[in-house]
**Student:** 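I am attaching a structure below and will ask some questions about it afterwards.
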Amino acid sequence: IGMNTRPSATGITLLSGAGGSGRTSAALGIAANLALKGYKTLYFDLCFGWGGLNIGTTIPPTYQQLIGQDDLDSICETTDYGFDLLTCEPPNILNPDNDELSRITYLIHELGGRYDFIILDPPASAHPVSLLAAGLCEEAYLTVKPDAAAVASSYCLLKTMLAEGLVDRVKIVFSMVDSPEDAASLKAKFDKLTLKFMDTALPDGGFIYRSDNSFHDNFRTGGDMENFIADAKNITLDVSRELQNETDDPVGVHQISM
């Protein structure tokens with residue numbers, strides 16, 4: 001596939017070993033925060049509709065229409081939250097062959113020349129699309145819910161990424177935590193596991209607070225954007241494009257300065 005457009009966007013992908021970790025909430029929060037600060041941002045739903053996003057106003061294309069699309073001026077929809085959305089109707093099964101993976105790569109590469117940031121939200125686990133997204137991005141954040149099944153599935157995903165030579169770009173983000181101290185304790189326990197069996201510890205990518213309100217539901221129901229940003233103040237980016245560090249003031253909101 002010929003790629004004539006030089007990509008300029010910063011790519012960030014959100015990974016998870018299993019569903020329900022807060023991956024999509026974090027991805028949406030990052031996209032909204034970047035757009036709020038004036039960056040041209042694309043949220044690419046690499047779950048291809050399976051996540052049940054309901055933030056667009058037009059009928060999305062089918063999966064085959066999306067991956068076969070060459071008209072990049074019409075492929076992305078502008079949302080009410082300031083960022084552009086690329087998604088489709090969920091396919092019956094998502095088992096892409098090499099040609100489909102090449103088409104997804106082509107779309108990301110060509111769209112890279114049109115955006116400041118592209119946020120990729122691929123399926124959970126070591127799905128081929130997830131590994132592709134991690135391989136194409138400068139940074140990948142692994143979101144982990146603090147329960148045994150989520151930790152085990154995250155560990156399995158990391159073993160696959162280690163084998164593929166991708167683990168060095170991954171930072172870990174614990175979701176549903178009650179405090180910075182809670183996040184730090186969870187990371188220390190996870191580090192013991194990965195150091196013992198993989199001889200590696202992931203850099204700290206931050207944390208996502210436990211909340212009575214679902215960040216995702218705020219998007220699905222069209223909740224007030226200012227309230228969403230206030231609730232999601234810890235799902236944001238600092239000057240080094242990291243999620244809020246667990247040693248930072250959890251009340252403050254980082255400003256992006258590129």
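Given the structure is predicted, the values throughout are model-derived calculations rather than measurements.
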**Student:** Please give me the minimum heavy-atom distance between Tyr63 and Pro96, naming the atom from each residue.
**Tutor:** OH-CB, 3.9 Å

**Student:** Would you check, one step at a time, whether the test side chain to side chain contact (heavy atoms under 4.5 Å, CB included) holds for Leu142 with Leu202?
**Tutor:** CA-CA 9 Å; Leu142 173 63; Leu202 295 185; 4.1 Å; yes

**Student:** Using modelled atom types and a 3.5 Å cut-off, is there a donor and acceptor pairing between side-chain atoms of Ser130 and backbone atoms of Ala126?
**Tutor:**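 Not confirmed, Ser130 side chain does not pair with Ala126 backbone.
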
**Student:** Is it true that atom CG of Asn92 has more than 12 heavy atoms of other residues, nucleotides or ligands lying nearer than 6.0 Å?
**Tutor:** no

**Student:** If you take all heavy atoms of Leu120 and Ala133, which pair is closest and at what distance?
**Tutor:**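 Heavy atoms only, the tightest pair is CD1-CB, 3.8 Å.
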
**Student:** Show, in sequence, the C-alpha distance, side-chain angles and deciding distance for Val151 and Phe190, and conclude whether the side chain to side chain contact (heavy atoms under 4.5 Å, CB included) test is met.
**Tutor:** CA-CA 8 Å; Val151 169; Phe190 195 81; 3.8 Å; yes

**Student:** Would you name the heavy atoms of Tyr43 and Asp121 that are closest together and state the gap between them?
**Tutor:**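 Smallest interatomic distance, heavy atoms only, reads OH-OD2, 2.5 Å.
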
**Student:** Check the orientation of Tyr81 and Phe83. Use parallel for under 30°, tilted for 30 to 60°, and perpendicular for over 60°.
**Tutor:** parallel

**Student:** Take Lys40 and Asp84 through the side chain to side chain contact (heavy atoms under 4.5 Å, CB included) test and state the conclusion after the steps.
**Tutor:** CA-CA 8 Å; Lys40 189 169 177 58; Asp84 286 355; 3.9 Å; yes

**Student:** Ala18: which residues meet the side chain to side chain contact (heavy atoms under 4.5 Å, CB included) condition with it, sequence neighbours left out?
**Tutor:** Ser153

**Student:** With distance as the sole test, does Arg169 use its side chain to make a donor-acceptor pair with the main-chain N or O of Gly135 at under 3.5 Å?
**Tutor:** yes

**Student:** Shortest non-hydrogen contact from Leu15 to Ala134?
**Tutor:**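 Shortest heavy-atom separation between Leu15 and Ala134 comes out as CD1-CB, 4.3 Å.
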
**Student:** Looking at every non-hydrogen atom in both residues, tell me the closest pair between Val170 and Met161 and how far apart they are.
**Tutor:** CG2-CE, 3.6 Å

**Student:** Is Lys187 salt-bridged to Asp191, going by a charged N under 4.0 Å from an acidic O?
**Tutor:**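 Asp191 and Lys187: salt-bridged.
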
**Student:** side-chain contact (heavy atoms from CB on, under 4.5 Å) with Arg103: which of Asn98, Ile108, Asp70?
**Tutor:** Asp70

**Student:** Do Leu14 and Thr24 come close enough that some side-chain heavy atom pair is under 4.5 Å?
**Tutor:**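 The answer is no; the side chains never approach within 4.5 Å.
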
**Student:** What's the verdict on side chain to side chain contact (heavy atoms under 4.5 Å, CB included) for Arg23 and Cys47, showing C-alpha distance, side-chain angles and the deciding distance?
**Tutor:** CA-CA 11 Å; Arg23 181 191 72 248; Cys47 291; 3.5 Å; yes

**Student:** With a 4.5 Å heavy-atom cut-off, do Phe197 and Lys159 have their side chains touching?
**Tutor:** no

**Student:** Grab the two heavy atoms, one from Leu157 and one from Ser16, that are nearest each other, plus how far apart they are.
**Tutor:**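 Taking every non-hydrogen atom into account, CD2-O, 3.6 Å.
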
**Student:** Do Thr41 side-chain atoms and Tyr39 backbone N/O form a donor-acceptor pair below 3.5 Å?
**Tutor:** yes

**Student:** Under 4.5 Å between any side-chain heavy atoms of Ile75 and Leu107, yes or no?
**Tutor:** yes

**Student:** Measure the shortest side-chain to side-chain distance between Thr13 and Leu46 over non-hydrogen atoms and say whether it is less than 4.5 angstrom.
**Tutor:**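 In short, these two side chains do not touch, never coming nearer than 4.5 Å.
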
**Student:** Any side-chain heavy atom of Val173 sitting closer than 4.5 Å to one from Ser175?
**Tutor:**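 Not in contact.
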
**Student:** In terms of heavy-atom contacts, does CG of Asp199 have more than 12 from other residues, nucleotides or ligands at under 6.0 Å?
**Tutor:**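 Check fails, neighbour count at 12 or below.
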
